2 protein chains.
Amino acid sequence: MSNIRDVADAAGVSPATVSRVLNGKATSLVSEATRERVLDAAQSLGYHPSAAARALVAGRTDTIALATTNIHDPHYARALDVAQAIAEEFGYHLLLMPDADDTRLQSLLRERRADVIVRLRYPVDTADEVAAAVVSEEQVVIAVGPIDRQMPLSTPCACWDDREGIRAAVEHLAGLGHRRVAFLAGRPAQRKERYALEAAGADMTIVPVCIEPGSLDDVGRGAALARLALQREPGVTALLAQNDTFALGALHALREDGIAVPGQVSVVGYNDTFLAPYSCPPLTTVRTPLAECVSRSLRQVMEALSTQHGAVQPQSLQLHTELVVRASTACPPTT
Amino acid sequence: MSNIRDVADAAGVSPATVSRVLNGKATSLVSEATRERVLDAAQSLGYHPSAAARALVAGRTDTIALATTNIHDPHYARALDVAQAIAEEFGYHLLLMPDADDTRLQSLLRERRADVIVRLRYPVDTADEVAAAVVSEEQVVIAVGPIDRQMPLSTPCACWDDREGIRAAVEHLAGLGHRRVAFLAGRPAQRKERYALEAAGADMTIVPVCIEPGSLDDVGRGAALARLALQREPGVTALLAQNDTFALGALHALREDGIAVPGQVSVVGYNDTFLAPYSCPPLTTVRTPLAECVSRSLRQVMEALSTQHGAVQPQSLQLHTELVVRASTACPPTT
DNA sequence: TATGCTCATGAAAACGTTTACCGGAAAGCG
DNA sequence: CGCTTTCCGGTAAACGTTTTCATGAGCATA
């Protein structure tokens, strides 16, 4: 394993010069002749600087951490793709940290394992507690997620309002004539469930349905929830799913049970994942701007980090959600 | 930001003692009284040891790197889940390295950014070139992917034989009476395509169909490939897809064009992702043991790394593929 | 009391970089 | 020729750990 010292010896210069050549910010500091000699030596020795040593002295790890639950959900996988692309663009590495509670994120920061943490889909207003662990001016926590109420954050933040999306879905269903709708929730006391209830007008009832976490995968849970809803709540003519994956399961269950979608029951998803247009029938769903949020906020921070020398001032960004109407919703049957 | 020295001062001991307490392998080396004092001091100072400094001196980063293309494919997302779970179990971090060519993997190793690299889905027999960069006895490259021919590797390896799966699919279709089948390939000269051709018996023709990489997502490409196949290759009664995502697109296209599956055309997927049972109709597909391969080989290496002090001897593992028959295949129409 | 052993702890040397500081040579200018 | 300026590159001090070696205390044994 070769050192910077080995390279220096091979090129007949000092380690400092090698470092200067390899980091080469100001090209003027070293002559063209030595630069070439150093590069040759490094090349022929197969030299790569130790990330640890560099991080230790420079205080940067060139690493972005992505903190999220549910990497298996296509919606988050998309965000991961986006983050990866940006990391690559700026020469950073991507560290994955799923199911990360605040304590683990804080130690991640303190151990200096990452310069930037993108915290996905937790309610953004709890991000400040994590950000409190920020150690240097060059460490940032970015909060990306649904927002409850506008409030000033000390960290960069990109968010959207789930109420907006839910309201659009509910109004769409109400406009079609649905009067009784079931909300297929991941677990009890979901925020979205509250939104759905609050969005329901006087002429519409929303009944939440949920199921204890078990051995089922997400699609399976969606199927189970759909069956439960139709069996337990007579008169329900539409299902509003917690996410597209649940909706996919619901579609499958209804198809198996011989219930026509959207003829007898309408189904609305959430997130507009890449599966939604290809389901059977194509899924009406609410597009949430998760990927866009990650993309914009992360890029902004990375740019600030790479040019300006010092702290990143927290910028907030709020994007809109939007209902995408496809073929899984229609008027309720006229009985 | 607090040091190990700060903690030492606060506890009235030397840094060495703090290190001993915090790494605490042999509990007998430090007295109970000082141990508690140190832990208290560390706690109240919010101390976390610097990952960089630790990595520099100890030569380990406690990091597993996952090298793969296509994180957005549900099949790889599953592998990622598995790897993450194991990393967590052993107290390691997970670094993501998509689209990594050999050069980048080698510098990853040389920079010592990871102790273990899991290299997904490249032909396993090219892994040795990457492993050649292995620097210390405690660095490992694990090769996980389809295998062409059995050959001794210098690195741990978990693989399966795509020919096995392809053959099962082809025989299934042949048994149903299909005589002309299209293979929907990702790009020209795919290995699987070769396998498909070689698996076809005398009484069956396989025509490859492919399409230049473009702006389409994978599902969209599957749809386009299906349409292309049926238009360009008359007499085709079954489609064999490169992967489940393509198959999903194919199902969608056929449904849109009013072609009955499996009545008029049969469709076979590949990989058996979580979507396969829920497609419309449920997808007949070949189950490949990617996740299982990752799980087993990675766990074995991690255990070797954590107990035995020294090199990991390369163990090879080959698992079977298996055809999962669902509802997207049937006899060809009798014209 | 001298000897030897165990046990807890401290001192100091790595690990491989980056960077602030300094010195010397070359060059421009009077 | 002497002075200042510029440019190039070397020296050495960090960065925060882990780990080897040494030291000294306590204690048992002879």
Side-chain angles (χ1 to χ4, degrees), chain A residues 1-39 41-42 45-62 107 109-113 115 135-136 138 309, chain B residues 1-38 41-42 45-62 107 109-113 115 135-136 138-139 309:
Chain A
M1 187 60 179
S2 54
N3 252 349
I4 198 177
R5 163 139 282 130
D6 298 337
V7 178
D9 290 350
V13 297
S14 76
T17 302
V18 177
S19 174
R20 279 190 276 256
V21 169
L22 262 37
N23 298 339
K25 331 201 162 196
T27 175
S28 60
L29 288 178
V30 62
S31 76
E32 197 53 41
T34 48
R35 146 170 268 99
E36 268 189 29
R37 248 183 317 145
V38 168
L39 287 177
L45 284 173
Y47 168 74
H48 289 264
S50 146
R54 180 175 284 194
L56 181 58
V57 61
R60 303 180 317 122
T61 47
D62 298 336
S107 58
L109 280 166
R110 284 242 159 71
E111 293 177 350
R112 191 77 212 212
R113 276 226 144 81
D115 300 334
V135 160
S136 86
E138 288 146 340
H309 218 61
Chain B
M1 189 59 179
S2 53
N3 250 350
I4 199 177
R5 164 138 280 129
D6 299 336
V7 178
D9 291 349
V13 297
S14 77
T17 302
V18 176
S19 174
R20 279 189 277 257
V21 170
L22 262 37
N23 297 340
K25 330 202 164 196
T27 174
S28 61
L29 287 178
V30 62
S31 77
E32 196 53 40
T34 48
R35 148 171 266 100
E36 270 188 28
R37 249 183 316 148
V38 167
L45 284 173
Y47 169 74
H48 288 263
S50 146
R54 178 176 286 195
L56 180 58
V57 62
R60 302 181 315 124
T61 47
D62 297 336
S107 57
L109 280 166
R110 284 243 157 71
E111 293 176 350
R112 195 62 150 130
R113 276 226 144 79
D115 300 334
V135 160
S136 86
E138 289 145 338
Q139 275 186 304
H309 219 62

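In what follows, every chain begins at residue 1, and chains take the letters A, B, ... in the order their sequences are listed. Owing to the predicted nature of the structure, the values given are computational and were not obtained by experimental measurement.
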Donor-acceptor under 3.5 Å (A:E138 side chain, A:R60 main chain): no
Audit row: B:T34, B:V21, side-chain contact (heavy atoms from CB on, under 4.5 Å) steps and yes/no: CA-CA 9 Å; B:T34 48; B:V21 170; 5.7 Å; no
Nearest-angstrom distance from the residue atom CG of B:N23 to P of D:dT19: 7 Å
Nucleotide-resolved protein contact map, nucleotides 9-16 of chain D, B/S/- at heavy-atom distance under 4.0 Å: BBB---BB
Between D:dT18 (P) and B:R60 (CZ): distance, integer Å: 10 Å
Estimated bend of the helix from C:dT1-D:dA30 to C:dG30-D:dC1 (axis per five terminal pairs, rounded to 10 degrees): 50°
Side-chain touch B:R113/A:D62, heavy atoms, less than 4.5 angstrom: yes
Results of side-chain hydrogen bond (donor to acceptor under 3.5 Å, both in side chains) for B:S2 - residues two or more places apart only: none
For A:R54, all residues meeting side-chain hydrogen bond (donor to acceptor under 3.5 Å, both in side chains), sequence neighbours excluded: A:N23
Approximate separation, where rounding is to 0.5 Å, of A:D115 CG and A:L109 CG: 10.0 Å
Donor-acceptor pair between A:S136 and A:R112 side chains, under 3.5 angstrom: yes
Using a cut-off of under 3.5 Å, enumerate the N/O to N/O pairs linking the protein to nucleotides 25-27 of chain C.
none

Rounded distance [0.5 Å steps], OG in B:S50 versus CG in A:L56: 5.5 Å
Nearest-0.5 Å distance, CZ of residue B:R35 to CG of residue B:L22: 9.5 Å
Which residues share a salt bridge (charged side-chain N to carboxylate O under 4.0 Å, His left out) with A:R37, sequence neighbours left out: none
